[in-house]
Amino acid sequence: MTEQTKEKDKIHRFLFDKPNIRGEISTLNDVWQHMQANHNYPEIIRRYLGEVVAASVLLSATLKFEGSLTIQASGDGALTLMVVECRNDFGVRGVAKYQQTAIDEVPEAVDVNTLLGQGTLVITIEQAKTQERYQGVVALEGNSIAEFLEGYLARSEQLETRIFLASDEQAAGGLLLQQLPGQHEDDDSWDRITHLGSTIKAEELLGLSAREILHRLYHEEDVRLFEPESIYFKCSCSRKKVTNMLRSISHQEASDIIKEQGNISVDCEFCGKTYQFDAIDIGGIYSENVQPSDLSTRH
Ligand SMILES: [Zn+2]
């Protein structure tokens, strides 16, 4: 094999020809590193956020319309929130929030369930055109991001799914296996294929190409690997959205901040972009005559 070139920021779909099982492999490199820039995440936070990022790409591959899928895990533990959004064209963004003092006290190998504490996993699917939203909420059950998601998928999709995730500073990667309807009852392919899948090591998921991973796991099976698609960083923040958010504070509060600081500055948590509003902007936001669309095009 002459598979020396590592594929960066790609998602691959594959299909087992005989048993009705489909799969995906996601690999994020530059996109994942970009997401960590300016955040300085503690290692343990980075690890789990990377897993959610890799998973969000795997789950988004089933979107059949223009839109996005958001995975949000939140709890009352040291890690308070992870939210990752991935669009149907694999534009992805994500952020984690945590309590630094609480993180300093957790042991090095703490599992994600302990880190999040009591909480929920929310999956939101939004269709861009109609703005229709589907939202599923489940308790955090299991000891890993993969188990949280497998539990969610078993309930919502009624499809048996196995997910394997890994992440480090350089890369994030995931493998998904899903049993499609129409399996013979006496067919043990699902057990065999998921068992082989479970032998994948983190360094293989992060370091090997999709073809190498499939060869390593399934060289005795008949697997069809499709052309990959690219993953890229995409933040959906805009001046218009920030303006709408500013409306949630009172005009008085906004004016007080302007008086004190000269302007209101809002940083996007996902991409770090800064949106500045001066006294005239704020006057416009709270004046009834100004439409939100006017505000977004003034600058
Ligand atoms: Zn942004």
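Atoms within a ligand are numbered from 1 in the order they appear, just like the ligands themselves.
Judged as a ring-ring contact (aromatic ring centres under 6.0 Å, His included), and not counting sequence neighbours, Tyr152 has no contacts.
Of all protein atoms, those that are N, O or S and lie under 2.8 Å from the Zn ion (ligand 1) total 4.
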Can you give the donor-acceptor pairs under 3.5 Å from side chains of residues 114-124 to other protein atoms, not counting sequence neighbours?
unit_1, atom_1, unit_2, atom_2, d
Thr114, OG1, Asp111, OD1, 3.1
Thr114, OG1, Asp111, OD2, 3.4
Thr124, OG1, Gln135, NE2, 2.7

Show the atom names and distances, to 0.1 Å, of all donor-acceptor pairs under 3.5 Å that link a side chain in residues 49-60 to residues at least two apart or in another chain.
unit_1, atom_1, unit_2, atom_2, d
Ser56, OG, Val53, O, 2.8
Ser60, OG, Ser56, O, 2.7
Ser60, OG, Cys86, O, 3.4

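The pair Lys97-Glu269 meets the salt-bridge criterion, since a charged nitrogen lies less than 4.0 angstrom from a carboxylate oxygen. Taking the charged nitrogens against the carboxylate oxygens, Arg87 and Glu66 have no contact shorter than 4.0 Å, which rules out a salt bridge.
Between His251 and Tyr286, the two ring planes are parallel [angle under 30°; tilted spans 30° to 60°].
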